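Here the structure is a predicted model, which is why all the values come from computation and not from measurement. Along the sequence shown, the residues carry numbers beginning at 1.
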Amino acid sequence: MANAIKMNPLATSVNDVVTPLYFDRQIVRAEDLTLDRVSHDAELERMRRLMHGWGIVAGFTFLNVDLESGKFKLGKGYGITPNGNEIYLTEALEIADLSARLSGCCGPGSATCDIVDLEERAAIDARARDGIIEGWIVARPYFTDSELRPGVPVGCAHPANSLLPSRRCEGARFDIVCSLKYPHIQDEKSCEVLTEWMCKVPDEGRQPLPMPDTVAPEDDYLVVAKVALTDGVLSLTYRDRRMRLPVSILQDWMTACMCAVKPAPTTTTTSLPTTTPAPTTTLSLTTTRRPRTTPDIGFTLQPFTTPPPFVTIQPFTTPPPFVTIGPFTTPQIFTTVGPDIEGSLVNPVDWQVLNNRAVANGLTDVEVTSLDNQTKLTAVGIDNPAKLMVVDLGEVSAATGIERTKLETMKADIKTNRFLVGGLQL
């Protein structure tokens with residue numbers, strides 16, 4: 001039976017959250033409808049600020065930069081300010097006269113920016129004597145009211161005498177600040193301290209996180225870029241941006257990097273000496289498809305001086321229905337692989353790393369994780385899954401004894417689960 005709510009609470013408290021209540025035949029005023037919207041906006045701001053954090057999530061890229069004229073475009077982007085407000089730019093925005101604006105705002109004796117802090121002004125003057133003028137382009141929330149409409153007239157006044165805005169348009173404004181302070185300058189986070197806090201929970205419980213305060217409206221911005229004039233030469237960098245990674249990227253990173261590593265399998269194989277050692281294969285991969293400079297490479301079977309150590313064939317009473325391959329001189333099936341592996345498989349991994357990632361993602365029963373097949377493929381030079389994507393499966397089947405249908409299934413597994421062999425997939 002669930003515990004009933006007791007009549008006498010231990011204590012009660014109220015916060016500053018107020019929402020409207022409606023009932024039938026109520027006379028609803030404009031302030032009631034406005035409060036409904038404002039209270040929901042405030043709830044979203046708290047959730048973004050306290051649960052998701054603040055910073056630039058994506059975009060705000062420099063486009064068409066011309067440092068000589070101080071002109072560039074800022075690409076569309078999305079971010080959250082320290083107080084939880086959205087900075088949402090849907091189209092590229094042109095910024096011009098950056099050098100003049102920087103000099104006028106943050107240069108010696110400048111008067112276009114309101115800098116009343118004497119220490120900040122002294123620091124600006126000291127940098128200027130060294131030939132350096134620096135500042136930061138910041139983005140702030142920006143609102144405009146529009147669509148004037150007549151309201152219900154008071155007394156006998158004409159409706160057109162009382163026009164009030166009926167829409168609020170959200171946007172962003174970009175300014176230059178000459179110095180940064182908290183929360184835009186913070187201490188570096190220690191991996192050791194964070195790991196201690198996350199992983200070692202004492203008997204009395206984990207230490208609570210501090211409740212962050214909101215910042216003053218003039219500090220509620222995002223740093224987009226750092227700009228500097230050094231002896232008259234303009235520079236524009238992404239320095240001092242605070243990045244906020246979306247949850248999807250963090251999940252991919254944790255899956256690929258933070259999961260427990262499966263120990264290497266223990267296998268016993270009998271290896272016969274060969275006349276020449278297997279050459280080391282170098283696999284070069286790119287993230288974009290490029291035209292091949294040479295024809296598609298299959299592999300060439302060279303004769304062995306001794307039988308290959310990986311093929312076990314039961315004796316036939318009649319000749320086998322396929323061509324018998326003669327002795328090999330080397331177990332290596334191919335020597336080079338072109339740069340294009342199915343167009344997008346990048347950062348090649350060996351079979352063991354593939355096994356670890358498959359286990360971490362619950363894919364232990366797929367054909368591609370068969371240790372017996374992986375051992376046979378490695379013996380003929382296919383020591384990572386990416387190489388399997390560019391060889392002739394018929395020749396591989398004949399050389400290893402693995403059924404072609406199983407090889408086709410392994411190749412399909414690699415294509416379907418690209419994260420097994422590739423890097424971060426966005």
Side-chain angles (χ1 to χ4, degrees), residues 54-82 85-117 119-142 170-186 188 218-246 249 286-288 290 424 426:
W54 65 276
I56 291 180
V57 179
F60 293 117
T61 307
F62 305 154
L63 306 172
N64 303 330
V65 178
D66 185 351
L67 294 179
E68 291 187 4
S69 64
K71 180 179 178 181
F72 73 101
K73 282 188 176 182
L74 188 65
K76 59 185 180 180
Y78 180 83
I80 302 297
T81 70
N85 288 299
E86 281 189 328
I87 301 293
Y88 185 32
L89 188 64
T90 57
E91 295 181 355
L93 178 70
E94 187 172 284
I95 296 178
D97 300 325
L98 185 57
S99 298
R101 294 291 300 273
L102 179 62
S103 298
C105 186
C106 301
S110 58
T112 57
C113 284
D114 296 330
I115 302 176
V116 297
D117 188 286
E119 292 185 359
E120 180 180 358
R121 173 54 60 193
I124 290 174
D125 292 340
R127 289 195 297 268
R129 286 192 293 269
D130 294 332
I132 300 174
I133 301 174
E134 64 181 11
W136 290 262
I137 300 175
V138 299
R140 290 189 171 100
Y142 182 65
E170 299 182 359
R173 60 173 287 175
F174 296 86
D175 300 312
I176 291 179
V177 299
C178 302
S179 63
L180 299 178
K181 60 182 180 179
Y182 181 87
H184 303 284
I185 294 181
Q186 297 182 346
E188 293 290 335
E218 59 268 21
D219 296 324
D220 188 33
Y221 58 74
L222 289 176
V223 173
V224 175
K226 182 176 182 180
V227 290
L229 274 171
T230 305
D231 295 328
V233 179
L234 182 66
S235 64
L236 180 68
T237 67
Y238 294 116
R239 183 177 172 182
D240 296 322
R241 274 194 184 190
R242 177 183 172 91
M243 301 298 296
R244 178 55 55 200
L245 295 178
I249 299 296
T286 61
T287 56
T288 58
R290 296 183 299 181
L424 186 65
L426 297 178

(Q) My understanding is that only residues two or more places apart in sequence, or in another chain, count here; which of them pass side-chain contact (heavy atoms from CB on, under 4.5 Å) with Thr61? (A) Leu63, Tyr238
**Q.** Residues which pass side-chain contact (heavy atoms from CB on, under 4.5 Å) with Lys71, listed by chain and number, not counting sequence neighbours
**A.** Ser69, Glu94, Ala96
Q: First locate atom CG of Leu102, then atom CG of Leu229, and finally report the distance between them rounded to the nearest 0.5 Å.
A: 5.0 Å
Q) Which heavy atom in Val223 sits nearest to a heavy atom in Arg241, and how many Å separate them? A) O-CG, 3.3 Å
Q | Phe174 side chain near Leu89 side chain, heavy-atom distance below 4.5 Å | A | yes
Q: Sequence neighbours left out, what passes salt bridge (charged side-chain N to carboxylate O under 4.0 Å, His left out) with Asp220? Give chain and number order.
A: none
Q. With Arg173, which residues qualify under side chain to side chain donor-acceptor pair (under 3.5 Å), at least two apart?
A. Asp175
**Q.** Expected output: side-chain Ser103 to main-chain Gly107 donor-acceptor under 3.5 Å
**A.** no
Q: Inspect the surroundings of CD in Glu218 and state if more than 12 heavy atoms from other residues, nucleotides or ligands are less than 6.0 Å away.
A: yes
Q: Spell out, as yes or no, whether a donor-acceptor pair under 3.5 Å connects the side chain of Asp66 to the backbone of Glu68.
A: yes
Q.
Nearest 0.5 Å, please: how far is CZ in Phe60 from NZ in Lys76?
A. 12.0 Å
Q.
Between Val224 and Trp136, is there a side-chain heavy-atom distance shorter than 4.5 Å?
A. no
Q) Between Ile56 and Ile87, is any pair of side-chain heavy atoms under 4.5 Å apart? A) no
Q. With sequence neighbours left out, what residues match Arg242 under side chain to side chain donor-acceptor pair (under 3.5 Å)?
A. Gln186
Q. Among all residues two or more places apart in sequence or in another chain, which pass the salt bridge (charged side-chain N to carboxylate O under 4.0 Å, His left out) test with Lys181?
A. Asp219
Q) Is there a side-chain contact between Leu222 and Val138 (heavy atoms, below 4.5 Å)? A) no
Q) Hey, are the side chains of Ile133 and Val227 touching, using non-hydrogen atoms and a 4.5 Å cut-off? A) no
Q | Tyr221: ring pair (Phe, Tyr, Trp, His ring centres under 6.0 Å) partners, not counting sequence neighbours | A | His184
Q. Who passes side-chain contact (heavy atoms from CB on, under 4.5 Å) against Leu67, sequence neighbours left out?
A. Val65, Leu234, Leu236
Q: With sequence neighbours left out, write down each residue that passes side chain to side chain donor-acceptor pair (under 3.5 Å) with Ser179, or none if nothing qualifies.
A: Glu120
Q: With sequence neighbours excluded, tell me which residues meet ring pair (Phe, Tyr, Trp, His ring centres under 6.0 Å) with Phe72.
A: Phe62
(Q) Tyr78: which residues meet the side chain to side chain donor-acceptor pair (under 3.5 Å) condition with it, sequence neighbours left out? (A) Glu86
Q: Measure SG to SG for Cys105 and Cys178 and state whether it is below 2.5 Å.
A: no
(Q) Suppose the criterion is salt bridge (charged side-chain N to carboxylate O under 4.0 Å, His left out): which pairs have a residue in residues 221-240, not counting sequence neighbours? (A) Glu134-Lys226
Q: Please lay out, stage by stage, how Ile137 and Val177 fare under the test side chain to side chain contact (heavy atoms under 4.5 Å, CB included).
A: CA-CA 7 Å; Ile137 300 175; Val177 299; over 6 Å; no
Q | Separation of Asn64 CG from Leu74 CG (nearest 0.5 Å) | A | 11.5 Å
